[in-house]
Undergrad: 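Structure in structure tokens, see below.
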Amino acid sequence: QVQLVESGGGLVQTGGSLRLSCTASGRTFSRYVMGWFRQAPGKEQEFVAAVTWSGRDRNYADSVKGRFTVSEDNPKNTVYLQMNSLKPEDTAVYYCASAPRFSGVVPTRGNEYDYWGQGTQVTVSS
């Protein structure tokens with residue numbers, strides 16, 4: 001079992017920044033990739049960013065490239081999502097997820113991840 005706990009969400013104005021954290025516990029050695037997804041009301045879940053625990057591979061959704069940065073802190077079993085230049089369309093519940101394998105391409109589909117956090121709300125006001 002793997003437990004994921006997110007934190008860092010909140011309310012911010014357009015153009016502001018937030019940093020989300022996701023700390024993993026349990027059988028973390030079985031995890032290879034940590035990802036961030038989001039879901040806005042009435043919309044489907046959307047991939048945001050992901051990173052391998054080694055830190056060598058990353059992937060971003062086009063909508064957040066250049067504004068969001070995903071990073072990992074292995075000793076702390078924690079992954080971060082630094083979000084800058086936030087826009088109202090970034091408003092969503094953000095979920096952390098972990099994937100049990102890495103085939104050379106950082107996964108972007110939700111069904112490739114098998115453990116999920118409870119989510120943290122990010123609201124960007126205009």
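What you are looking at is a predicted structure, and each value in this text was computed from that prediction instead of being measured.
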Undergrad: Looking only at atom types and distance, does a side-chain atom of Thr108 sit under 3.5 Å from a main-chain N or O of Phe47, one as donor and one as acceptor?
TA: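 No; judged by distance alone, with no hydrogens or angles, the pair does not exist.
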Undergrad: Is the backbone of Thr69 close enough, under 3.5 Å, to the side chain of Gln82 for a donor and an acceptor to pair up by distance?
TA: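 No; zero donor-acceptor contacts below 3.5 Å.
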Undergrad: Side chains of Arg38 and Tyr94: donor-acceptor distance under 3.5 Å anywhere?
TA: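 The criterion, which ignores hydrogens and geometry beyond distance, is satisfied for Tyr94 and Arg38.
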Undergrad: Check this for me, if you would: do Asp114 and Arg31 make a salt bridge, where the nitrogen-to-carboxylate-oxygen distance has to be below 4.0 angstrom?
TA: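 A salt bridge links Asp114 with Arg31.
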Undergrad: Do any side-chain atoms of residues 10-19 form donor-acceptor pairs under 3.5 angstrom with protein atoms, and if so which ones, sequence neighbours left out?
TA:
unit_1: Thr14; atom_1: OG1; unit_2: Ser125; atom_2: O; d: 2.8
unit_1: Ser17; atom_1: OG; unit_2: Asn84; atom_2: OD1; d: 2.9

Undergrad: Any side-chain heavy atom of Val122 within less than 4.5 Å of one from Met83?
TA: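 Contact flag for Val122/Met83 side chains = yes.
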Undergrad: Where do Phe102 and Val106 come nearest, in terms of heavy atoms and distance?
TA: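 For Phe102 versus Val106, the nearest heavy atoms are CE1-N, 3.6 Å.
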Undergrad: Salt bridge or not for Asp62 and Lys65, using N-O below 4.0 Å?
TA: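 So Asp62 pairs with Lys65 through a salt bridge.
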Undergrad: Could you please spell out the steps behind the salt bridge (charged side-chain N to carboxylate O under 4.0 Å, His left out) verdict for Glu72 and Arg58?
TA: CA-CA 10 Å; Glu72 81 300 333; Arg58 288 173 171 78; 3.2 Å; yes
Undergrad: Would a distance-only check, ignoring hydrogens and angles, find a side-chain to backbone donor-acceptor pair under 3.5 Å from Gln118 to Val5?
TA: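 Answer holds: no.
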Undergrad: For Val70 and Ala50, work out which heavy atoms get closest and say how close.
TA: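 Minimum heavy-atom contact is CG1-O, 3.6 Å.
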Undergrad: Would you name the heavy atoms of Glu112 and Pro100 that are closest together and state the gap between them?
TA: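 Closest pair (atom of Glu112, atom of Pro100, distance): O-CD, 3.7 Å.
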Undergrad: When hydrophobic residues are tied together by side-chain contacts of less than 4.5 Å, even through go-betweens, does Trp53 share a cluster with Trp36?
TA: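 The answer is yes; both residues are in one hydrophobic cluster.
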Undergrad: Do Phe37 and Tyr80 land in one hydrophobic cluster if side-chain heavy atoms of ILVMFWY residues count as linked below 4.5 Å?
TA: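 Phe37 does not cluster with Tyr80.
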Undergrad: For a quick check under 3.5 Å, do Thr91 and Thr123 share a side-chain donor-acceptor pair by atom type?
TA: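 Per modelled atom types, Thr91 and Thr123 side chains form no pair under 3.5 Å.
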Undergrad: Measure across Gly119 and Val93 and return the closest heavy-atom pair with its distance rounded to 0.1 Å.
TA: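 Result for this residue pair: CA-CG1, 3.9 Å.
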Undergrad: Quick check for you: to the nearest 0.5 Å, what is the distance between Leu81 atom CG and Glu6 atom CD?
TA: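 Answer for the CG-CD pair, Leu81 versus Glu6, is 11.0 Å.
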Undergrad: Look at the aromatic rings of Tyr95 and Trp116 and report parallel, tilted or perpendicular, splitting at 30° and 60°.
TA: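 Ring orientation of Tyr95 relative to Trp116: perpendicular.
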Undergrad: Hey, does Ser63 have a side-chain heavy atom less than 4.5 Å from the side chain of Glu89?
TA: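 Answer no - side chains too far apart.
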Undergrad: Nearest heavy-atom pair of Ser98 and Met34: which atoms, and what distance?
TA: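 Taking every non-hydrogen atom into account, CB-SD, 3.4 Å.
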Undergrad: For residues Tyr113 and Gly35, report the shortest heavy-atom separation together with the two atoms involved.
TA: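 Closest pair (atom of Tyr113, atom of Gly35, distance): CE2-N, 3.7 Å.
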